[in-house]
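Here is the structure we will look at.
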Amino acid sequence: MGMLIKSGHVVDPANGLDGIYDILIEGVVIKEVAPSIDSIGMEEVDAGGLHVFPGFFDAHCHLREPGYEYKEDIESGTKAAAAGGFTSVACMPNTNPVADNDSVIRLILDRASEKGCVKVYPIGSITKGSEGTRLAEMGFMKQAGAVAVSDDGKPVESADIMKKALEYASGFGLPVISHCEEMSLSEGGAMNDGFVSTSLGLKGIPAAAEEIQVARDVLLSECTGVPVHIAHISTGGSAGIIRAAKARGVRVTCETCPHYFSLTEDECEGFNPYAKVNPPLRNEKDRLAVIEALRDGTVDFIATDHAPHHEDEKNVEFQFAANGISGFETAFSAAYTNLVMTGAISLGRLVDLMSRLPARFLNRYTGGLRPGAPADLTIADLSAAITVDSSKFLSKGRNTPFNGKQLHGRILMTIVNGGTAYRRDK
Amino acid sequence: MIPRELKQMHFGKDLLGIKQLDAEQIQYILEIASGMKVLVQAPNKKSPHLQGKSIITLFYENSTRTRMSFELAAKYMGGTAANISVSTSSVAKGETLIDTGRTLDMMGTDIIIIRHSCSGAPKLLADNVKAAVINAGDGMNEHPTQALLDAYTIYEKKGGFEGLKVAIAGDIRHSRVARSNIYALTKLGAKVYLAAPPTLMPPGIERTGAIVARGVDEAVEGADVVMGLRIQSERQQGAMIPGIREYARFHGIGEERLALAKKDVLLMHPGPVNRGTELTSAIVDGDRSVINEQVMNGVAVRMALLYVFTRGGRYGNVD
């Protein structure tokens, strides 16, 4: 059993790779990476004219199982992830029941080993039921396999609980991922606060709703000395607060998502429910500031916040529509188109932002494309121009504002532990 | 009754907002409305324009004048009018807006008049039904038929819009009437001044072409038209304003403030008025008030709209 990937343009900055190489896979690991490897009768993949990257790692997604299988399940979610070039995903605990104890964490891992085609790392909740009042059993959850904790989907409203959570989680070395949203400012809001919300007559969510809690969490991290990670930053203000905090040595990290550096609030025009997401799509100034923050290292990595929903939850009055974007299958193309093709960052930096850096954040980095490392990689055609067609998604969630848009770069094949997790039909 | 010289014009299937109309289309509706007004004032109010057409008012929010004027407009023109209100229909059982719309479609409805507390609900309905949809007010988005009847009232009294100063004072943030009036009146060439406490002024509103005044006095000064907006009591609970007494003193309009406007100013209000809050009783009942005429014009304008939108958004001499 083996596989030889021939003549691909391999990009993996961590291993100093940026050129044409052959990659030999034996069993579940990479055996050799060299300019030319002779075939000895194993399966061959011709990657001539294509790019080969270490498999992407998504540190923030929603697989919806258990409880919301009508939106997505671990089988469909991991298939969609593989189609997006991801070989590992970390899923948020806002399932039903909430993943706030070790038995739900174990259930997710069991389902993933039965049905999952990429590696699944569950994230446990910070508080019981994600209700923001009592700490969840982080120790047991870690023992069961949780890689981080988060109450994602809603904020930990009490600063006191958040401070205790940061301190307590640090005892287990568990990263705390904070969803920042000052509810008294955001409640009832449906999109970014600004001219477009005024023009559509929708209640706006000001940037300050996010930034106030980003600032709070930075200060809590600073006063306790333990790390905090800010989920899905969407505004220039959040980037500014984190940049300044990092400069004075605060142990804060953050992520952003493809929609925040690709799209703006203008997508909501015509009451398009597929552009409804939390935090909301912001304005052009914020979009450019997020790109700058990716460029200068303020943002540590890219996450999808893949949030699949059923059509019936989107095709309703805008105010009632669910928040979220099905993100796995457009993440790389959106990032390549809006970050690399525009010259904001290099292809190597993008590969790092989508694979090594998020994996390292969750302490799951396995070494990238080097001999002995697990054979997790993806093959892409960067010359392909694509028109996003969500009806072709492998995810059950077809909810995306990218539908119909032109992007560049297409994932053709994804390999997890040496096995083919995704291969695009010719 | 309908001016014969009007050429054919296309409006599209639905009337969702003033945003979709241009100045020429607005003028066109006002012309037809002037013909309809003759009918409203006639001793025998009956015309055959809507014979064989069915009109349904689907109201998810309370309304007296808008709903009644649509129903009367339909009946004056011989149409069949029926109404659905939230409490008595399957809406209360949780039927989706799209399903309700499709049901009405299957019953042979030509026009659905919808009022809804969610901005954008009429568009969602329009995208999913064959019937024409007329927006009778959606959330904080638009109230196009109100803006058209307001424009008609100004047109009738002033003969045009170019260069007129129109002051709109009150809760601009939550007002669909304000938004539709801003779009309509700026398109028609008027200068629109807005006055509200900063908590009730929505962000970026100046990008519509309206001018944000520094206070109600600046807005009203030298105005040709002064439009008051209703202050809703629920806004106080949201701490938008400290109370009615302070609002009336600093933002309300009475004789003294109205005297800052031109002598022949028109005082307007979409109703219902909170007497003594946004406007004093003295000026509501005074000789510059056209608030009651607005109501009559509302019927004429809605007749014009029902006529246009039962003909696939087309109107003209195609005999």
Side-chain angles (χ1 to χ4, degrees), chain A residues 70 182-209 235 237 264-276 280-286 309-323 399 401 403-404, chain B residues 16-20 60 91 94-102 114 116-128 135 137-144 171-180 182-183 194 196 200-210 212 234-235 238-240:
Chain A
Y70 68 95
E182 170 54 45
M183 295 298 285
S184 69
L185 282 172
S186 66
E187 208 129 43
M191 63 171 296
N192 187 42
D193 193 38
F195 174 66
V196 182
S197 69
T198 289
S199 160
L200 293 175
L202 293 166
K203 183 166 188 262
I205 302 171
T235 77
T264 66
E265 60 190 344
D266 293 351
E267 298 296 325
C268 297
E269 289 285 3
F271 299 98
N272 175 13
Y274 300 106
K276 191 178 175 197
L281 299 176
R282 305 288 186 180
N283 61 35
E284 181 64 5
K285 227 172 111 186
D286 288 310
H309 288 293
H310 192 275
E311 180 65 11
D312 288 348
E313 295 167 307
K314 280 290 193 181
N315 199 18
V316 293
E317 295 86 336
F318 193 94
Q319 243 164 281
F320 300 155
N323 283 306
N399 47 304
N403 196 35
Chain B
L16 302 179
I18 301 294
K19 236 186 269 177
Q20 76 186 58
Y60 291 82
V91 167
E95 187 177 52
T96 69
L97 179 59
I98 293 175
D99 286 344
T100 303
R102 287 178 182 153
I114 180 175
H116 202 291
S117 59
C118 290
S119 300
K123 179 174 189 297
L124 180 71
L125 180 67
D127 288 346
N128 289 283
N135 180 3
D138 62 327
M140 306 185 285
N141 180 36
E142 283 230 44
H143 192 349
D171 182 357
I172 311 282
R173 178 185 284 269
H174 301 99
S175 177
R176 53 197 177 209
V177 173
R179 283 175 179 75
S180 288
I182 291 167
Y183 302 139
L194 306 175
L200 296 178
M201 191 69 87
I205 192 72
E206 65 286 349
R207 282 174 59 186
T208 57
V212 176
E234 64 263 29
R235 306 299 176 213
M240 292 283 187

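Since the structure is predicted, the reported quantities are computational estimates derived from the model, not experimental observations.
Ring geometry for B:His116 against B:Tyr60 counts as tilted: the plane angle lies between 30° and 60°, on a 0 to 90° scale.
If you measure heavy-atom distances from B:Thr208 to chain A, the contacts under 4.5 Å come from both the backbone and the side chain. Residue contact with chain A, scored on non-hydrogen atoms closer than 4.5 Å, involves the backbone and the side chain of B:Arg207 alike. At a 4.5 Å heavy-atom cutoff, B:Ser175 makes no contact with chain A through either its backbone or its side chain. Of the two parts of A:Asn315, the backbone and the side chain both hold a non-hydrogen atom closer than 4.5 Å to a non-hydrogen atom of chain B.
By number of non-hydrogen pairs under 4.5 angstrom with chain A, the leading residue of B:Glu142, B:Lys19, B:Arg173 is B:Lys19. The residue among B:Ser119, B:Gly120, B:Gly139 with the most heavy atom pairs within less than 4.5 Å of chain A is B:Ser119. Across A:Thr198, A:Asp193, A:Val196, the residue that shares the most heavy-atom pairs under 4.5 angstrom with chain B is A:Thr198. Contact count versus chain A (heavy atoms, under 4.5 Å) is highest, among B:Cys118, B:Ala121, B:Pro202, for B:Cys118.
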A:Asp266 and A:Asn283: CA distance, side-chain angles, deciding distance, side chain to side chain contact (heavy atoms under 4.5 Å, CB included) verdict: CA-CA 8 Å; A:Asp266 293 351; A:Asn283 61 35; over 6 Å; no
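Between the side chains of B:Asn141 and B:Arg176, no donor-acceptor pair is found at a separation under 3.5 Å.
Between A:Pro206 and A:Leu185, the closest heavy-atom pair is CD-O, 3.7 Å. Contact record, A:Leu281 with A:Glu265: O-CB, 3.6 Å, taken as the closest heavy-atom pair. Among all heavy-atom pairs drawn from A:Lys203 and B:Met140, the shortest one is N-CE, 3.6 Å.
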